[in-house]
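Notes to accompany the following structure.
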Amino acid sequence: MESVSLKTIFERISDVVCTCFPDIKAEDFVVGAPPSLDLGDVAVPLFSIAKRLRRPPVVIAGELSASAPIGGFIESAAAAGPYVNFKLNRNVVGAEIIGEIIRSGGCWGSNNTGAGKKVLIEHTSINPNASPHVGRGRCAMIGDSITRLLRFEGYDVEVHYYVNDMGRQIGLLVLLADELRQLTFAQILDAYVEANKRAEEEPEFARRGYELLAKIEEGDEETQRKFHAVTALCLKGQLAVLERLGVSYDVFDRESRYVTDSRLDIVERALTEKGALFTDEDGRRVVDLSKLGYEPEEGRYFVLRRANGSSMYGCRDLVYSIDKHERGASLNLMVLGEDHKLYAQQLALMLEAAGIPAPEVVYYAYILLKDGKMSTRQGKVVLLSDFLDQAAALALERVREQFPDIASEEQHAIAEQVAVSAIRFAVLRVRPNKNVTFDMDAALSFQGDTGPYIQYSCARIRSILRKHKEPIPQAPDSSFKVETDAEWMLLMKLAAFPQVVADATAQRVCAGIANYALELAHAFTAFYHECPVLTADDESVRRARIFLCRATLQTLGNALHILGIETPERM
RNA sequence: GCGCCCAUAGCUCAGUUUGGAUAGAGCGCUUGCCUCCGGAGCAAGAGGCCGCAGGUUCGAGUCCUGCUGGGCGCGCCA
């Protein structure tokens with residue numbers, strides 16, 4: 001990805017301040033926006049500089065405003081108490097911003113910080129026992145968007161999906177599947193619930209489940225085949241739903257592959273050396289994490305093996321972590337529910353004891369429903385497929401009304417894109433560490449602060465560009481004109497995009513990009529209602545506005561691409 | 001009990017990483033706007049001790065401490 005970085009307006013003002021006060025460095029102060037456009041376009045508060053120079057802020061403000069270079073991109077500099085407000089030459093700055101956006105195209109906004117770096121990310125990894133609900137989808141959408149973000153930043157990203165194809169639950173499911181003649185994806189959840197119920201009621205059933213586990217650990221091929229059949233069926237159904245959301249994976253790692261992996265020795269040896277591994281009075285192999293620097297009493301012990309020698313989930317996860325590490329990515333990421341926080345910390349301690357760096361984890365909190373928590377077993381869930389079906393049906397009605405003449409196939413494609421946009425945007429705009437209450441009706445309304453609203457802005461721009469028949473120059477020139485505040489605010493918003501992407505990358509959170517896209521769409525719609533584009537009287541104004549449309553579409557498109565949202569030509 | 005996360009308008013959320021001028025959207029409510037580029041829209045109004053109490057600072061929604069309320073977790077589930 002080509003790296004063309006527009007030095008932001010803030011950075012340029014920052015340079016001006018540094019030139020004015022040679023003893024002051026850029027990190028000594030912050031540059032921001034004034035509370036109102038009437039005051040100026042860029043503001044510098046002078047408190048911190050004043051402190052360093054041991055002179056009152058008001059005096060410093062006077063000095064700065066007097067010595068700032070007027071002309072070029074700065075139109076004026078005015079002291080306002082302890083602040084200096086700069087007004088910029090809108091035509092000059094505007095033409096630069098637009099030129100940069102048009103030149104960079106699909107790369108606009110990328111800071112290219114990932115060039116030459118490899119990332120391994122693991123996310124979703126749903127237990128193969130049910131159709132995914134929006135809570136599980138939160139993980140998939142967060143992981144997928146981080147993937148898209150990092151790729152946008154130039155990283156080489158490989159996406160992994162860990163398939164929990166063994167364990168007690170799957171064993172029970174296999175038992176039940178044996179009794180039923182044929183199991184379909186739609187029946188899996190019922191079967192899963194039934195299997196767990198049976199295990200509670202019939203000790204014999206539960207015992208046979210553990211027997212299967214022991215068999216698979218011995219490498220019994222018949223058992224492995226059965227486990228594989230059940231989990232493959234389920235995985236296939238889950239992936240179909242995730243694919244609708246635009247989420248995809250590069251590599252599937254099956255848990256069963258790691259069950260007899262000798263690399264567990266690496267960790268066990270290290271733990272033994274540190275005196276952290278012991279056999280307890282019941283014969284279990286247990287890790288005492290306090291020997292590894294873990295302080296609280298709660299969560300201090302971690303069981304690796306049952307008394308009968310069979311391994312716990314953590315064993316396979318340790319090996320899997322080693323396996324991922326050995327693939328040599330410079331960044332090893334995973335997305336986990338916050339319920340796994342302690343567990344992941346425990347694993348990290350054990351891995352690090354063996355000299356293996358633990359993956360970096362992005363945690364997300366649960367999505368709640370208005371009437372409380374989701375529960376798969378109680379059927380109190382919003383299934384992703386149900387949501388998408390309902391949303392697409394509503395969107396299809398709208399599209400048919402609006403565009404009765406276009407092919408049915410395209411109508412359906414648009415409806416699907418709108419449905420995906422609605423759910424992805426609703427989930428991604430919220431920071432992952434927050435519990436959110438999912439409101440089905442709000443998510444289906446497509447009005448206000450939603451994905452479809454942003455898509456709609458794009459469709460409007462496309463409509464204008466379709467109707468604009470005059471040839472347009474490649475880039476704006478010196479005739480570029482900014483006439484109104486609405487155009488200027490749109491330009492300022494456009495210029496902020498690379499920094500938004502940089503912040504999101506550093507934090508590994510895409511919520512800022514979603515909220516930025518929303519603000520940009522609002523800025524565009526305000527401009528759209530106030531400023532005629534195709535019917536503007538002045539030719540240079542008309543041309544400038546066409547450029548604003550193109551630049552906005554490019555920026556919204558790039559932002560939505562990171563979020564995994566398409567921008568239909570019409571909707 | 002111990003640990004981690006969260007608390008902003010009636011509701012759903014931005015803003016907190018890196019402290020700066022009057023705390024922002026949307027939904028819902030009230031009122032306008034389609035002879036004009038797409039009304040999935042725009043403009044305006046009402047609605048806030050930013051959970052509570054201290055502290056740091058010239059300045060706190062933002063940083064620190066305590067408390068309250070909610071979420072999550074804490075030895076043979078995965």
Side-chain angles (χ1 to χ4, degrees), chain A residues 27 30 32 34-36 39 43 45-48 50-51 57 80-83 85 125 127 129 164 166-170 255 280 282-287 295-308 310-314 316-317 337-343 345-346 363 365-366 368 370 373 395 398 402 418 426 429-431 433-439 441-443 445-450 452-457 459-468 503 506-507 509 511-512 514-516 518-519 522 525-526 528-536 545 549 570-571:
Chain A
E27 54 269 27
V30 286
S36 139
L39 290 168
L46 294 152
F47 303 99
S48 60
K51 198 174 235 177
Y83 296 85
N85 295 314
S125 306
N127 286 342
N129 57 26
N164 299 118
M166 51 181 296
R168 198 182 86 97
Q169 321 260 13
I170 308 300
E255 183 185 347
D280 75 0
D282 298 318
R284 296 171 287 196
R285 295 292 282 167
V286 181
V287 183
E295 286 175 4
E297 188 58 29
E298 299 72 24
R300 173 179 165 186
Y301 296 107
F302 189 95
V303 178
L304 279 185
R305 288 180 186 281
R306 302 179 176 94
N308 69 5
S310 65
S311 62
M312 300 273 295
Y313 178 82
R316 284 153 253 152
D317 228 358
E338 65 176 357
D339 51 332
H340 286 69
K341 217 166 194 174
L342 174 61
Y343 172 75
Q345 282 163 3
Q346 291 171 326
Y363 294 101
Y366 284 6
L368 309 173
K370 279 186 161 173
K373 297 177 213 174
R398 287 296 280 282
Q402 194 104 7
V418 170
R429 68 176 297 219
V430 182
R431 301 197 77 86
N433 58 344
K434 307 241 304 191
N435 279 120
V436 285
T437 307
F438 186 81
D439 183 340
D441 296 334
S445 85
F446 309 155
Q447 282 184 10
D449 288 354
T450 64
Y453 166 80
I454 304 172
Q455 289 178 308
Y456 185 71
S457 312
R460 277 172 152 175
I461 297 173
R462 294 202 130 109
S463 169
I464 291 173
L465 296 178
R466 271 199 306 274
K467 286 176 180 151
H468 180 74
D503 291 346
Q507 296 173 41
V509 171
N515 286 295
Y516 169 79
L518 197 53
E519 287 168 15
H522 275 128
T525 330
Y528 170 89
H529 279 273
E530 193 180 319
C531 306
V533 179
L534 298 173
T535 54
R545 288 178 180 170
C549 287
R570 65 196 98 221
M571 60 184 277

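Chain letters run A, B, ... following the sequence lines, proteins first, then strands; residues in each count from 1. These numbers were taken from a predicted model, which means no experiment stands behind them.
Residue-level contact check: A:Phe446 touches the bases, meaning some heavy atom is under 4.0 Å from a base atom. At the heavy-atom level, A:Ser463 lies under 4.0 Å from base atoms of the strands shown. Within the nucleic acid shown, A:Arg431 comes within 4.0 Å of sugar-phosphate atoms alone, with no base atom in reach, counting heavy atoms only. Using a 4.0 Å heavy-atom cutoff across all strands shown, A:Gln447 reaches sugar-phosphate atoms only and no base atom. Using a 4.0 Å heavy-atom cutoff across all strands shown, A:Arg284 reaches at least one base atom of the nucleic acid. Among the atoms of the strands shown, none is found under 4.0 Å from any heavy atom of A:Phe438. Heavy atoms of A:Ala506 sit nowhere under 4.0 angstrom from any nucleic acid atom. As judged by a 4.0 angstrom heavy-atom cut-off over every strand, A:Val430 is placed among residues touching the sugar-phosphate backbone only. Nucleic acid contact class of A:Asn85 (heavy atoms, under 4.0 Å, all strands): base. A:Asp439 comes within 4.0 angstrom of nothing in the nucleic acid, heavy atoms only. The residue A:Ala50 sits apart from the nucleic acid: no heavy atom pair falls under 4.0 Å. Residue A:Cys549 is out of contact with every strand shown, counting any heavy-atom pair closer than 4.0 Å. Residue A:His522 is in sugar-phosphate contact alone, with no base atom involved, counting any heavy-atom pair closer than 4.0 Å across all strands shown. Here A:Met166 lies in heavy-atom contact (under 4.0 Å) with sugar-phosphate atoms only.
By the rule that a glycosidic angle within 90° of 0 means syn, B:C72 does not qualify and counts as anti.
Across the C1' atoms, B:A21 and B:C58 are found 14 Å apart, a figure rounded to whole Å. Here the separation of B:G55 from B:A43, taken at their C1' atoms, is 44 Å to the nearest Å. The P atoms of B:G45 and B:A23 are separated by 15 Å, rounded to the nearest whole Å. Across B:A14 and B:U8, the matching C1' atoms stand 10 Å from one another, rounded to whole Å. Between B:U68 and B:U12, the two P atoms lie 24 Å apart (nearest whole Å). Between B:C49 and B:A9, the distance separating the two C1' atoms is 13 Å to the nearest Å. Spacing between B:G19 and B:A60 at atom C1', rounded to whole Å, works out to 6 Å. Here, B:G20 and B:G15 have their P atoms 13 Å apart, quoted to the whole Å.
Aromatic rings from A:Tyr453 and A:His522 are positioned such that their centres are separated by under 6.0 Å. A:Phe47 and A:Tyr83 have their aromatic ring centers within a separation under 6.0 angstrom.
For the pair A:Leu46 and A:Glu530, both in contact range of RNA chain B, the more 5′-proximal nearest nucleotide belongs to A:Leu46. Closest-nucleotide positions on RNA chain B for A:Gln346 and A:Arg570 were compared, and the one nearer the 5' end corresponds to A:Arg570.
Once you apply a 4.0 Å limit to the heavy atoms of chain A, the touched nucleotides of RNA chain B run 5' to 3' over B:G1 to B:A78.
Under 3.5 Å, the side chains of A:Arg431 and A:Gln507 contain a donor-acceptor pair of N or O atoms. A donor-acceptor pair shorter than 3.5 Å cannot be found between the side chains of A:Tyr528 and A:Ser457. Looking only at atom types and distance, the side chain of A:Asp280 has no donor-acceptor partner in the side chain of A:Tyr301 under 3.5 Å away.
Salt-bridge annotation for A:Glu338 and A:Lys341: absent, with no side-chain N of the basic residue lying under 4.0 Å from a carboxylate O of the acidic one.
Pair assignment for B:C13: B:G24, on the basis of Watson-Crick or G-U wobble contacts that are both within less than 3.5 Å. Checking B:A43 for Watson-Crick or G-U wobble geometry (two distances, each under 3.5 Å) identifies B:U31 as its partner. In a base pair of the Watson-Crick type (N1 to N3 plus N6-O4 or O6-N4) or a G-U wobble (N1-O2 and O6-N3), with each distance short of 3.5 Å, B:C2 is matched with B:G73. Searching all strands for a Watson-Crick or G-U wobble partner of B:C67 with both distances below 3.5 Å returns B:G51.
A:Ser311 places none of its side-chain heavy atoms less than 4.5 Å from the side chain of A:Leu304. Side-chain contact check for A:Ile464 versus A:Leu534: some heavy-atom pair is nearer than 4.5 Å. Using a 4.5 Å cut-off on side-chain heavy atoms (C-beta onward), A:Ser48 and A:Lys51 make no contact.
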